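Keep in mind that this is a model prediction, so the values were computed, not measured.
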Amino acid sequence: DRAASDEERAAIVAAVTEDARVANVHQLRTRMAGQALMVQMHVDLDPDLSLKAAHDIILDAEKRVLKVFPHADILIHADPRGAAEPHGGAFTPPRPTAPESTAPDAPVARSGPWS
């Protein structure tokens, strides 16, 4: 496995942001697995859009990426513009947990490579 090149990542962002309704791309993660390009990202959309409208914008963005990278496996997460916050495993800062003696079932923060 390896990350996509800077040029490939720029092409992904360019394809997604070709639609002016996509305000921003962040938390872009890529990796090549054989011939497949795995792509995950968050995009900022108007918070007043309906779920259907947001879905349609993301579906169109996926199609544009697939024109450039036909073997891509793409996951796009929509965030309301101006209210995005880090989340989703590797991008989530670890949560403080209580000492084991008082909270043995406290959640454990995960970290590690994208899988």
Side-chain angles (χ1 to χ4, degrees):
D1 286 2
R2 64 173 174 81
S5 70
D6 289 342
E7 293 80 15
E8 291 166 325
R9 291 171 57 86
I12 292 165
V13 171
V16 171
T17 57
E18 185 177 305
D19 184 338
R21 297 173 297 177
V22 178
N24 183 36
V25 172
H26 56 281
Q27 293 183 323
L28 173 61
R29 300 191 309 177
T30 64
R31 74 171 215 239
M32 295 297 301
Q35 294 299 314
L37 172 61
M38 313 297 279
V39 180
Q40 291 184 1
M41 72 188 81
H42 290 222
V43 297
D44 291 340
L45 300 177
D46 182 338
D48 295 325
L49 288 171
S50 70
L51 178 59
K52 169 114 174 62
H55 173 80
D56 291 347
I57 291 168
I58 289 183
L59 189 59
D60 289 344
E62 289 174 352
K63 290 175 183 176
R64 289 190 303 276
V65 173
L66 286 169
K67 283 183 182 177
V68 182
F69 300 100
H71 299 288
D73 182 348
I74 306 161
L75 178 63
I76 302 176
H77 175 90
D79 284 325
R81 184 178 57 236
E85 58 186 56
H87 56 90
F91 289 100
T92 305
R95 294 183 298 200
T97 58
E100 286 185 16
S101 60
T102 60
D105 297 328
V108 177
R110 297 181 333 162
S111 63
W114 181 33
S115 58

What heavy-atom pair brings [X] and [Y] nearest, and what distance separates the two atoms?
X	Y	result
Ile12	Val39	CD1-CG2, 3.9 Å
Ala23	Arg81	CB-CD, 3.6 Å
His71	Gln35	CB-O, 3.7 Å
Val68	Ala11	CG1-CB, 4.4 Å
Ile76	Ala61	CD1-CB, 4.0 Å
Ala78	Leu45	CB-CD1, 3.8 Å

Could I get the full list of salt bridge (charged side-chain N to carboxylate O under 4.0 Å, His left out) partners for [X], not counting sequence neighbours?
X	result
Lys67	none
Asp19	Arg21
Asp73	none

- line: With His77 as partner, the option from His26, His42, His55 fulfilling ring pair (Phe, Tyr, Trp, His ring centres under 6.0 Å) is His42
message: I'd like to know if Asp60 and Arg64 make a salt bridge, using a cut-off of under 4.0 Å between side-chain N and carboxylate O.
response: no
message: For Arg9 and Leu28: C-alpha separation, side-chain torsions, deciding distance, then whether side chain to side chain contact (heavy atoms under 4.5 Å, CB included) applies.
response: CA-CA 8 Å; Arg9 291 171 57 86; Leu28 173 61; 3.8 Å; yes
Please report the interatomic distance [atom1]([X]) to [atom2]([Y]), rounded to the nearest 0.5 Å.
X	Y	atom1	atom2	result
Gln40	Arg29	CD	CZ	4.5 Å
Ser5	Leu37	OG	CG	9.5 Å
Met38	Leu75	CE	CG	9.5 Å
Leu59	Lys52	CG	NZ	8.5 Å
Glu62	Ile58	CD	CD1	7.5 Å

